[in-house]
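Down below is the structure, laid out as structure tokens.
One-based numbering, in listed order, for ligands and for the atoms of each.
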Amino acid sequence: MTSQLFDLAGRVAVVTGGNGGIGLGMARGLAAAGAAIAIVGRNEAKSNAAVAELAAIGARAIAIAADVTDQAEVEAMVAHVLEAFGRLDILVNNAGINIRKPPHELALADWRQVLDTNLTSAFLCSQAAHSAMKQDGGGKVINIGSMMSIFGASYSPAYAASKGGIVQFTRSCAVAWAPDGIQVNAILPGWIDTELTQNARREVDGLHDKVLVRTPAARWGAADDFAGIAVFLASAASDFVTGTAIPVDGGFSVMG
Ligand code: NDP
């Protein structure tokens with residue numbers, strides 16, 4: 001019973017930004033539960049390395065080079081997945097960037113790049129995946145938010161706006177697509193040790209220690225902390241769960 005609830009054999013998952021960090025942590029979990037994986041990113045060498053790693057644990061995996069801010073590339077990516085695997089059951093909208101500047105210094109081009117990469121990409125990928133999911137009787141969309149879906153940060157106005165938007169976009173798709181059997185949920189990571197935050201630790205003085213003090217679990221998260229939540233939200237175990245935003249943060253968001 002338990003194993004069936006979380007079994008992803010025969011399912012096909014797209015993970016944007018799956019070639020490293022949190023995306024690869026989720027891809028590893030989905031692959032271990034039996035899903036075939038399409039890793040989507042711009043850096044082909046990194047994507048090929050991620051595919052080799054997943055293949056080594058016995059998963060069917062392919063790399064697709066695409067910029068998720070580009071509608072034509074997103075549509076071609078979904079067509080590629082359908083051609084390679086014949087179906088698309090799980091979409092993880094994980095690709096993301098940050099440009100750290102206070103609101104009075106952020107250029108319009110920077111604002112647009114962050115919103116396009118973190119929020120518009122989720123719209124484009126979800127819209128492109130919707131009909132394939134509906135046709136097969138349902139699916140799962142997992143959007144990646146942040147603690148900045150909840151809190152503000154003086155140095156990340158565009159990032160926080162994009163991640164707040166992800167939560168409202170999640171709720172809207174959950175309502176719209178419930179009749180199609182598609183569940184749409186968000187994960188809100190706390191502070192996780194990845195390339196993204198290695199840059200943040202260089203750019204924001206004292207960040208490393210502030211996170212340790214502010215996180216009840218008293219550690220930075222790891223990419224593999226996202227394997228379990230990804231499998232839950234991608235599997236039958238979560239069939240009556242939709243429109244939620246689940247923190248995976250070692251308690252950061254409940255620390256008073
Ligand atoms: P990484 O920098 O390690 O990974 C980001 C991924 O996004 C890369 O695989 C990158 O691949 C991909 N990406 C970026 N831009 C594009 C694009 N235009 N088209 C396609 N792929 C793109 O960061 P994390 O693993 O830390 O972040 C993953 C997600 O988790 C992001 O949405 C981030 O905002 C979120 N998050 C992270 C937190 C953390 O503490 N690390 C905290 C809260 C949220 P490539 O360069 O090959 O295109």
Do Gln198 and Glu195 have side chains that approach each other closer than 4.5 Å (heavy atoms only, starting at C-beta)?
yes

Ile192 vs Asp225 side-chain heavy atoms within contact, under 4.5 Å:
no

What do you reckon, does Gly145 put a non-hydrogen atom under 4.0 Å from ligand 1?
yes

For atom 42 (C) of ligand 1, find the nearest protein heavy atom and state the residue, atom name and distance (0.1 Å precision).
Gly190 O, 3.0 Å

Any N/O of Lys46 closer than 3.5 Å to an N/O of ligand 1?
no

Decide whether the shortest distance between a heavy atom of Thr197 and an atom of ligand 1 is less than 4.0 Å.
yes

Would one find an N or O of Ser146, backbone or side chain, under 3.5 Å from an N or O of ligand 1?
no

Which one holds for Thr194 and ligand 1: side chain close, backbone close, both close, or neither close, with close meaning a heavy atom under 4.0 Å?
side chain

Which residue and heavy atom of the protein sit nearest atom 8 (C) of ligand 1, plus the separation:
Asn19 OD1, 3.6 Å

Quick one: are Tyr159 and Trp111 in side-chain contact, heavy atoms under 4.5 Å?
no

Is the closest side-chain donor-acceptor distance between Asn93 and Ser126 under 3.5 Å?
yes

Decide if atom CD of Glu203 counts as having more than 12 heavy atoms of other residues, nucleotides or ligands within a radius under 6.0 Å.
yes

Here the atoms of ligand 1 under 4.0 Å from any heavy atom belonging to Asp67 are 17 (C), 18 (N), 19 (N)

Note, Thr215 side chain near Asp249 side chain (heavy atom, < 4.5 Å):
no

Counting from 1, what ligand 1 atoms have a heavy atom of Tyr159 closer than 4.0 Å?
33 (C), 34 (O), 35 (C), 36 (N), 43 (C), 44 (C)

Do the side chains of Lys140 and Asp239 get close enough for a salt bridge, i.e. N-O under 4.0 angstrom?
yes

Under 3.5 Å, is there a donor-acceptor pair linking the side chains of Thr16 and Asn94?
no

Ligand 1 to Ile22 polar contact by distance, N or O atoms, under 3.5 Å
yes

Cut-off 3.5 Å, no hydrogens considered: what does the side-chain donor-acceptor table look like for residues 28-37, sequence neighbours left out?
unit_1 : atom_1 : unit_2 : atom_2 : d
Arg28  : NE     : Glu53  : OE2    : 2.5
Arg28  : NH1    : Asp224 : OD1    : 2.5
Arg28  : NH2    : Glu53  : OE2    : 3.4

Side-chain touch Asn185/Ile142, heavy atoms, less than 4.5 angstrom:
no

Among all protein non-hydrogen atoms, which one is nearest to atom 5 (C) of ligand 1, and what is the separation to 0.1 Å?
Gly96 O, 3.7 Å

Would you check whether Glu44 reaches within less than 4.0 Å of ligand 1, judged by its heavy atoms?
no

For atom 6 (C) of ligand 1, what is the closest protein heavy atom, and at what distance to 0.1 Å?
Gly17 CA, 3.7 Å

Search all heavy atoms of Trp220 against all heavy atoms of Leu207 and return the closest pair with its distance.
CZ2-O, 4.1 Å

Any idea which of Val248, Val114, Ile187, Asn94 brings a heavy atom closest to atom 32 (O) of ligand 1?
Asn94

In short, Val15 meets Ala27 closest at the heavy-atom pair CG2-CB, 4.2 Å

Can you confirm whether the side chains of Arg171 and Gln168 place a donor and an acceptor under 3.5 Å from each other?
yes

Ser121 near ligand 1, heavy-atom distance under 4.0 Å?
no

Geometric N/O contact Thr117 with ligand 1, under 3.5 angstrom
no

If you compare Met26, Arg42, Lys163 by their heavy atoms, the one closest to atom 48 (O) of ligand 1 turns out to be Arg42

Scan the protein's non-hydrogen atoms and note whether one is under 4.0 Å from atom 26 (O) of ligand 1.
yes

Polar atom proximity, Gly18 to ligand 1 (N or O, under 3.5 Å)
no

Going by heavy atoms, is Asn118 under 4.0 Å from ligand 1?
no

Judging by distance only, is a nitrogen or oxygen of Met147 under 3.5 angstrom from one on ligand 1?
no

Evaluate the side-chain proximity of Val213 to Val211: yes if any heavy-atom separation is below 4.5 Å, no if none is.
no

Find all atoms of ligand 1 within a distance of less than 4.0 Å from any non-hydrogen atom belonging to Trp191, and give their numbers and elements.
40 (O)

Should one rank Ala95, Ala66, Ala63 by closest heavy-atom distance to atom 22 (C) of ligand 1, which comes out on top?
Ala95

Under a 4.0 angstrom heavy-atom cut-off, which atoms of ligand 1 come close to Asn43?
45 (P), 47 (O)

Which residue holds the protein heavy atom closest to atom 19 (N) of ligand 1, what is that atom called, and what is the gap in Å?
Val68 N, 3.0 Å

Contact check, side chains of Arg87 and Val81, non-hydrogen atoms, under 4.5 Å
no

Contact between Cys125 and Met77 at the side-chain level, heavy atoms closer than 4.5 Å - yes or no?
yes

At what distance is the nearest protein heavy atom to atom 23 (O) of ligand 1, and which residue and atom is it?
Leu196 CB, 3.4 Å

Go through ligand 1 atom by atom and flag the ones less than 4.0 Å from a non-hydrogen atom of Gly41.
21 (N), 47 (O), 48 (O)

Say whether Ile97, considering both its backbone and side-chain N or O atoms, lies within less than 3.5 Å of an N or O atom on ligand 1.
no

Identify the closest protein heavy atom to atom 40 (O) of ligand 1: which residue and atom is it, and at what distance?
Ile192 N, 2.8 Å

Flag the pair Asp209 and Arg214 as a salt bridge only when some basic side-chain nitrogen lies within less than 4.0 angstrom of an acidic carboxylate oxygen.
no

